[in-house]
Amino acid sequence: MRIAVYLPLLLSLLAPLGARPLSTRCEPRLATWLLTASAVVLAGASTVSLGLLATTALIRVPSLAALGHWSALTAQRDDPAELSVALLAGLLLGAAVTAAARMLWRRARTLAAAALEAACMPTRDGLVVVDDEAPDAYALPGLPGRVVVSTGMLHVLDAGEHDILLTHERAHLAGHHYVFVALAQLGAAANPLLRPLATAVTYTIERWADENAATASGDRTRVARAVGKAALAAHRAPARLRGPGAALGVLGVLGRRNPLAAAGPVPRRVAALLAPPLGRHPLLTAATAAVLIAATGATADAAQDLHLLLESIGAS
């Protein structure tokens, strides 16, 4: 426990270094899965590690140790963590749990509001056209979801680019991209060191939808042009507030005003579309898997060590 319990925290510190390579060198769908899994697993492992360290402080308190029939004096002698470290871990654990719970509550409320908003939009084919001169387009999750496009956006793009736009937006709904964003952001809420992973996920889901549109149209250059035109038009238009679904992180995928635009810069997306499609990159996949296995294994090992410690200090 003296080493293993700290490994998930160390890996969380180093993990952001892999966010950029995964998002730019790996096929977007696979990159999204790997980044999201990394955020969730590392956040979970680091939170458990903080819990284990905090527990070593609790067993030093005589009244608490008595509840578990442990010897507080023996715990103070054999405890693998310094008291100051254990107390700090307890504070960080409380902050992590509180932040994660708040994020989960806000996300659940927003998703419910978005589903209600989508249900109130009558449509036959899932497409809703709103009369608005401001160029805008976004996917609204629901049961079923909706693709909302403004008349201003339709005027900016030609007929062929309309199909690209709809394919892009529908890819977000079909792939449930808001779930990946939510999970990655939940992990980042519990462990702020993982925020670069969450930011990368908001970019890779854009790239995922871009690639779907490129496959459907068969013309990567035309998709790149459509992305650039829509982003430029939205950038020039005045910003405005959307409904509750705007916080879900998968809305307005082509426009510069959407929440993902800052996370996934349009020039990077355009450049990626003008280049050949990315492959799966086995080396990056294997490295990511190794990190997650190491974090999970270290957490399990530390938990087992704490269990053995509690057995050894059991009061007779």
Side-chain angles (χ1 to χ4, degrees), residues 1-19 35-107 182-201 288-315:
M1 186 175 173
R2 296 179 185 276
I3 298 177
V5 73
Y6 298 105
L7 184 58
L9 302 174
L10 176 62
L11 292 176
S12 296
L13 185 63
L14 299 177
L17 298 177
L35 288 165
T36 304
S38 298
V40 172
V41 172
L42 289 176
S46 60
T47 301
V48 172
S49 291
L50 292 176
L52 295 175
L53 288 170
T55 301
T56 64
L58 295 178
I59 61 178
R60 299 178 192 222
V61 180
S63 58
L64 296 178
L67 295 176
H69 305 289
W70 301 309
S71 171
L73 293 177
T74 306
Q76 293 174 14
R77 185 189 69 236
D78 298 340
D79 200 329
E82 295 291 335
L83 180 59
S84 58
V85 173
L87 292 175
L88 177 60
L91 294 175
L92 293 176
L93 176 64
V97 172
T98 301
R102 291 180 61 186
M103 169 65 71
L104 187 61
W105 172 246
R106 288 198 304 266
R107 188 59 55 155
L183 290 175
Q185 292 183 348
L186 181 63
N191 186 343
L193 295 174
L194 303 176
R195 285 176 181 170
L197 299 183
T199 300
V201 168
T288 303
V291 169
L292 300 187
I293 291 173
T296 304
T299 303
D301 186 55
Q304 177 64 17
D305 288 347
L306 179 61
H307 175 70
L308 296 175
L309 172 65
L310 295 178
E311 286 188 337
S312 68
I313 63 175

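Here Leu92 contributes atom CG and Ser49 contributes atom OG; the two are 12.0 Å apart, rounded to the nearest 0.5 Å. With rounding to the nearest 0.5 angstrom, the CG atom of Asp301 is 10.0 Å from the CG atom of Leu7. Here the CG-CZ distance, from Leu186 to Arg102, works out to 13.5 Å after rounding to the nearest 0.5 Å.
The main-chain N or O of Ala184 is never found under 3.5 Å from a side-chain atom of Thr36 such that the two would form a donor-acceptor pair.
The two atoms that bring Ala19 and Pro196 nearest to each other are CB-O, 3.9 Å, heavy atoms only. In this structure, Thr299 and Ala45 approach most closely via the heavy-atom pair OG1-CB, 3.3 Å. Shown here for Leu35 and Ala200, the closest heavy-atom pair between the two residues is CD1-CB, 3.6 Å. Smallest separation of non-hydrogen atoms from Ala198 and Ala188: CB-CB, 4.0 Å. The nearest pair of heavy atoms linking Met103 to Ala189 is CB-CB, 3.9 Å. The two residues Ala15 and Leu194 make their nearest non-hydrogen contact at CB-CD2, 4.4 Å.
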**Request:** Show the numbers, then the answer: is there a side chain to side chain contact (heavy atoms under 4.5 Å, CB included) between Ser38 and Val291?
**Result:** CA-CA 8 Å; Ser38 298; Val291 169; over 6 Å; no
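Listed by chain and number, the residues in a side chain to side chain contact (heavy atoms under 4.5 Å, CB included) with Leu13 are Leu193 (sequence neighbours excluded). For Leu93, the side chain to side chain contact (heavy atoms under 4.5 Å, CB included) partners are Thr47, Leu50, Ala54, Val97, not counting sequence neighbours. Applying the side-chain hydrogen bond (donor to acceptor under 3.5 Å, both in side chains) criterion to Ser12, with sequence neighbours excluded, gives Asn191.
For Arg106, the CZ atom is densely surrounded, since the number of other residues' heavy atoms within 6.0 Å is greater than 12.
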